[in-house]
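Residue numbers run from 1 in the order of the sequence given.
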Amino acid sequence: MPAKILDGKALAARLQAEMAAQVQAWIPQVGRPPGLAVLRVGEDPASAAYVRGKERACERLGIASFGRHFSAQDSPAHLLDTIDQLNQDERVDGILVQLPLPPGWDPIPPLLAINPDKDVDGLHPLNLGRLLRGEPGLRSCTPLGVMRLLQAEGIPIAGRKAVVVGRSILVGKPLSLMLLAADATVTLAHSRTPDLAEVTRAADIVVMAVGRPRLLRADMVKPGAVVIDVGINRIETPTGAEQLVGDVDYEAVKELAAAITPVPGGVGPMTVTMLLANTLQSYKLRSHLCSHLCSHY
C-alpha cells in the first residue's frame, strides 16, 4: 500500500488554533501578550519569506512582534546591541536570529548573546547542553517539530532503529539526541557516510536533513519504514520553472514506505509552530504561569 502522508500542515494548524485560544486566556492574567523578536540581516529572499511567515503566525496567535531588519552593510555590533536591549525588555519572551547571515557575518556571537531563557531557536550552548543531559529546556524548532509529528501520528519510536542523515547543529545533531531520549537506537549519518544506502535500508525510521535534492531513492529504504524529509531544495524543471523538492525521491519512496512527509507541507509548518510553542513556554515561565520549562510540549 502507498505510504500514509504525514500532514504537518494540518497538525500545525490544529496546534496553532489551540495556542491562540490559550494566549487569549493568558493575556488578562499577565497583562500583556507574549512577545517574539525575529532579527533578520540582509536581503536573502528565502530568509525574508521565512520571517514574513513567522510574523503572520504571531498575528494569528496574538503574539506581539518586536522584529528588526538590518542591512548587510550594518555593523555586527549594532545587532549585538539590539540583542542586549531585547534581553532586558520585559515585553519580549523570545529572540531568534534568522540564519543564514550574509557573507562576512559570524553567526556565533549573536547566538551566544541571546539570553538562554529567551533562546526560542534552542541554539544557545546552554540549551543544547540541557538537551544533551536530558534536562528540560528550550529545544531546536525543526527537530522538536519532527518529534511532535511522530507523536501526533502515533508512530512508535522506542526500540526502533532510526537513521538521521545530516549532522547540522540545526537539525541532525539535536534530532539524534531527541530520538535517543525517546529510546530509539540512533545512527547519525551524512553525505560522506560510506554506502549510505546500506545504512538507511536497515532503519525503521529515516530522517533526511542533508540538503541534497532527492538523495534518498526507493532502493535505499526498507519496505514499511517511516521516512521524514526535512530537506527543502529549489530545483529547475525541464521547462525552466522552479520547483520545491525534498531530500527524498518522494514519488518513488511513498510506494513502499509506511509513512512519509511531503515537501512542502510536512516538517516545515511544524518548525514555525514549535517556534511559537517555545515562545509561549518562555512567556508562561517568565509570567509565573508555570514553574519550570517542559521537556516536551
Flag, side chain of [X] to backbone of [Y], donor-acceptor distance under 3.5 Å:
X: Thr193; Y: Leu196; answer: no
X: Asn87; Y: Asn115; answer: yes
X: Asn278; Y: Arg139; answer: yes
X: Trp105; Y: Pro76; answer: no
X: His190; Y: Val164; answer: no
X: Asp204; Y: Lys161; answer: yes
X: Ser287; Y: Leu289; answer: no
X: Asp247; Y: Arg212; answer: yes
X: Lys54; Y: Leu275; answer: no
X: Asp44; Y: Pro102; answer: no

Looking only at heavy atoms, which two atoms of [X] and [Y] are closest? And how far apart?
X: Pro136; Y: Arg130; answer: O-CD, 3.7 Å
X: Tyr250; Y: Pro262; answer: CE1-CA, 3.7 Å
X: Asp229; Y: Val248; answer: OD2-N, 3.1 Å
X: Ser47; Y: Leu99; answer: OG-O, 4.1 Å
X: Pro194; Y: Val199; answer: O-CG2, 4.5 Å
X: Pro2; Y: Glu255; answer: CG-OE1, 4.2 Å

[atom2] on [Y] to [atom1] on [X], rounded to 0.5 Å:
X: Asp119; Y: Leu111; atom1: CG; atom2: CG; value: 7.5 Å
X: Lys173; Y: Ser140; atom1: NZ; atom2: OG; value: 12.0 Å
X: Ile83; Y: His78; atom1: CD1; atom2: NE2; value: 11.0 Å
X: Leu126; Y: Leu138; atom1: CG; atom2: CG; value: 9.5 Å
X: Glu153; Y: Leu6; atom1: CD; atom2: CG; value: 5.0 Å
X: Leu170; Y: Asp121; atom1: CG; atom2: CG; value: 7.0 Å

*Evaluation steps, side chain to side chain contact (heavy atoms under 4.5 Å, CB included), between Val267 and Thr142*: CA-CA 7 Å; Val267 175; Thr142 298; 3.8 Å; yes
Can you tell if the side chain of [X] reaches within under 4.5 Å of the side chain of [Y], non-hydrogen atoms only?
X: Arg286; Y: Asp117; result: no
X: Leu11; Y: Asp7; result: no
X: Val23; Y: Leu280; result: yes
X: Ile228; Y: Leu175; result: no
X: Met220; Y: Val206; result: no
X: Met19; Y: Thr273; result: yes
X: Leu101; Y: Pro110; result: yes
X: His69; Y: Val51; result: no

*Does the side chain to side chain contact (heavy atoms under 4.5 Å, CB included) test come out yes or no for Met147 and Ile157, once each step is laid out?*
CA-CA 9 Å; Met147 298 300 291; Ile157 299 174; 3.8 Å; yes
*Heavy-atom neighbours of Lys222 NZ exceed 12 at 6.0 Å*: yes
*Show your working on side chain to side chain contact (heavy atoms under 4.5 Å, CB included) between Lys284 and Asp93 and close with a plain yes or no.*
CA-CA 9 Å; Lys284 288 168 62 181; Asp93 303 288; over 6 Å; no
*Determine, step by step, whether Val92 and Lys118 satisfy the side chain to side chain contact (heavy atoms under 4.5 Å, CB included) criterion, reporting the C-alpha distance in whole Å, the side-chain angles of both residues, the deciding distance to 0.1 Å, and the verdict.*
CA-CA 8 Å; Val92 176; Lys118 295 188 177 186; 4.2 Å; yes
Applying the 4.5 Å side-chain criterion to the ILVMFWY set and letting contacts propagate, would [X] and [Y] be lumped into a single cluster?
X: Ile155; Y: Met270; value: yes
X: Val146; Y: Ile260; value: no
X: Val230; Y: Leu244; value: no
X: Leu144; Y: Val97; value: yes
X: Leu180; Y: Val226; value: yes

*Could you go step by step and tell me if Asp84 and Gln88 meet the side chain to side chain donor-acceptor pair (under 3.5 Å) rule?*
CA-CA 7 Å; Asp84 183 58; Gln88 300 176 55; 3.0 Å; yes
_Tell me whether the rings of Trp26 and Tyr283 are parallel (<30°), tilted (30 to 60°) or perpendicular (>60°)._
tilted
*Would you check, one step at a time, whether the test salt bridge (charged side-chain N to carboxylate O under 4.0 Å, His left out) holds for Arg32 with Glu90?*
CA-CA 10 Å; Arg32 67 169 180 88; Glu90 291 302 317; 5.9 Å; no
